[in-house]
Asker: 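Quick one: this structure, given as structure tokens, is what I'll be asking you about.
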Amino acid sequence: QVQLVESGGGLVQPGGSLRLSCAASGSIFSIKAMGWFRQAPGKERESVAAISSRGGVTFIANPVKGRFAISRDNAKNTVYLQMNSLKPDDTAVYYCAARVRDGLSFTPNEYDYWGRGTQVTVSS
């Protein structure tokens with residue numbers, strides 16, 4: 001089993017920045033690709049970013065491209081989501097996810113483990 005714990009969410013003004021962290025523990029040797037998803041009230045969960053097992057390949061969803069970046073530090077078993085130029089539309093619960101298969105995925109049901117999420121609110 002793998003446990004994922006997100007941190008770094010909070011309230012930020014439009015144009016501000018936040019960095020989310022996701023710490024993995026447990027059977028971390030089984031983790032391959034990881035991703036960040038978000039879900040706003042009344043909306044489906046959507047992919048935000050994904051990163052390959054060694055960090056060499058990344059994906060950033062179009063709505064956040066140029067503003068968000070994903071990275072991982074395997075020595076610390078942690079994946080990060082740097083969010084800049086935040087907009088009110090970025091308000092959502094942000095979830096970290098991990099999968100045991102190789103290859104990036106942008107589909108929630110292709111991930112095997114999930115964190116509980118961290119709230120990000122962008123408001124003045």
Side-chain angles (χ1 to χ4, degrees):
Q1 288 294 318
V2 172
Q3 294 78 44
L4 302 174
V5 179
E6 302 96 336
S7 61
L11 173 64
V12 63
Q13 292 187 343
S17 298
L18 284 174
R19 187 175 82 154
L20 306 183
S21 299
C22 172
S25 61
S27 301
I28 56 176
F29 60 88
S30 66
I31 296 175
K32 299 294 190 295
M34 297 188 72
W36 286 97
F37 291 77
R38 67 185 183 185
Q39 188 166 19
K43 294 187 177 181
E44 293 187 354
R45 192 168 296 191
E46 64 174 352
S47 176
V48 174
I51 189 166
S52 61
S53 58
R54 296 185 180 182
V57 181
T58 61
F59 160 80
I60 303 295
N62 283 336
V64 302
K65 193 168 291 183
R67 300 188 295 120
F68 290 14
I70 187 171
S71 61
R72 67 191 292 172
D73 184 340
N74 286 343
K76 296 182 177 179
N77 303 318
T78 301
V79 65
Y80 304 97
L81 185 69
Q82 179 66 43
M83 306 186 296
N84 300 324
S85 302
L86 283 161
K87 305 175 181 180
D89 284 350
D90 296 319
T91 296
V93 178
Y94 284 70
Y95 297 91
C96 173
R99 64 196 305 254
V100 300
R101 291 153 287 178
D102 282 323
L104 299 184
S105 174
F106 323 119
T107 305
N109 63 12
E110 293 186 354
Y111 282 80
D112 304 289
Y113 301 102
W114 290 86
R116 292 188 172 186
T118 184
Q119 176 71 46
V120 172
T121 302
V122 185
S123 175
S124 56

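Computed from a predicted model, the values in this text were never measured in an experiment.
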Asker: Tell me whether Lys87 at atom NZ has more than 12 heavy atoms from other residues, nucleotides or ligands lying less than 6.0 Å away.
Answerer: no

Asker: Please check if Val122 and Leu81 belong to a single hydrophobic cluster, counting links between Ile, Leu, Val, Met, Phe, Trp and Tyr side chain heavy atoms closer than 4.5 Å.
Answerer: yes

Asker: Could you tell me whether the side chain of Thr91 reaches within less than 4.5 Å of the side chain of Ser123, counting heavy atoms only?
Answerer: no

Asker: Look at the side-chain heavy atoms of Ile, Leu, Val, Met, Phe, Trp and Tyr, link any pair under 4.5 Å apart, and say whether Val79 and Val93 land in one connected group.
Answerer: no

Asker: For the residue pair Tyr95 and Pro108, establish whether any side-chain heavy-atom pair is separated by less than 4.5 Å.
Answerer: no

Asker: Can you give me the closest heavy-atom contact between Gln1 and Gln3, atom names plus distance?
Answerer: CB-NE2, 3.7 Å

Asker: Atom NZ in Lys43, atom CG in Asp89: separation rounded to 0.5 Å?
Answerer: 6.0 Å

Asker: Look at the side chain of Ser124 and the backbone N and O of Gln13, then say whether any donor-acceptor pair between them is shorter than 3.5 Å.
Answerer: no

Asker: Does one hydrophobic cluster hold both Leu86 and Ile60, with members joined at side-chain heavy-atom distances below 4.5 Å?
Answerer: yes

Asker: Using the rule that Ile, Leu, Val, Met, Phe, Trp and Tyr join whenever any side-chain heavy atoms are under 4.5 Å apart, tell me whether Val100 and Ile28 fall into a single cluster.
Answerer: yes

Asker: To the nearest 0.5 Å, tell me how far Arg67 CZ sits from Gln82 CD.
Answerer: 12.0 Å

Asker: Going from CG on Leu18 to OG1 on Thr118, what distance comes out if it is rounded to the nearest 0.5 angstrom?
Answerer: 8.5 Å

Asker: Using the six-membered ring wherever Trp is involved, compare the ring planes of Phe37 and Tyr111 and label them parallel, tilted or perpendicular (cut-offs 30° and 60°).
Answerer: perpendicular

Asker: Quick check against the 3.5 Å criterion: does Arg101 have a side-chain atom that pairs as donor or acceptor with the backbone of Glu110?
Answerer: yes

Asker: What are the two closest non-hydrogen atoms of Gly103 and Ala33, and how far apart are they?
Answerer: O-CB, 3.5 Å

Asker: Where do Val2 and Ser30 come nearest, in terms of heavy atoms and distance?
Answerer: CG2-OG, 3.8 Å

Asker: Leu104 and Ser52: which non-hydrogen atoms are nearest, and at how many Å?
Answerer: CD2-N, 3.3 Å

Asker: If you round to the nearest 0.5 Å, how far is CG of Asp90 from OG1 of Thr121?
Answerer: 11.0 Å

Asker: Which heavy-atom pair separates Cys96 from Met34 by the least distance, and what is that distance?
Answerer: SG-CE, 3.7 Å

Asker: If you round to the nearest 0.5 Å, how far is CZ of Arg99 from CD1 of Ile31?
Answerer: 12.5 Å

Asker: If every non-hydrogen atom of Ser105 is compared with every non-hydrogen atom of Ala50, which pair is closest and at what distance?
Answerer: O-CB, 4.0 Å

Asker: So if you build clusters from Ile, Leu, Val, Met, Phe, Trp, Tyr with side-chain heavy-atom gaps below 4.5 Å, do Val120 and Phe68 land together?
Answerer: yes

Asker: Does Ser53 offer a backbone N or O that forms a donor-acceptor pair with the side chain of Asn74 under 3.5 Å?
Answerer: yes

Asker: Whether Glu6 and Arg116 form a salt bridge (side-chain N of Lys/Arg under 4.0 Å from carboxylate O of Asp/Glu) is what I want to check.
Answerer: no

Asker: Side-chain donor-acceptor pair under 3.5 Å between Arg38 and Tyr94, yes or no?
Answerer: yes

Asker: Any side-chain heavy atom of Trp36 sitting closer than 4.5 Å to one from Met83?
Answerer: no

Asker: If only atom types and distance count, is the side chain of Arg72 paired as donor or acceptor with the main-chain N or O of Gly55 below 3.5 Å?
Answerer: no

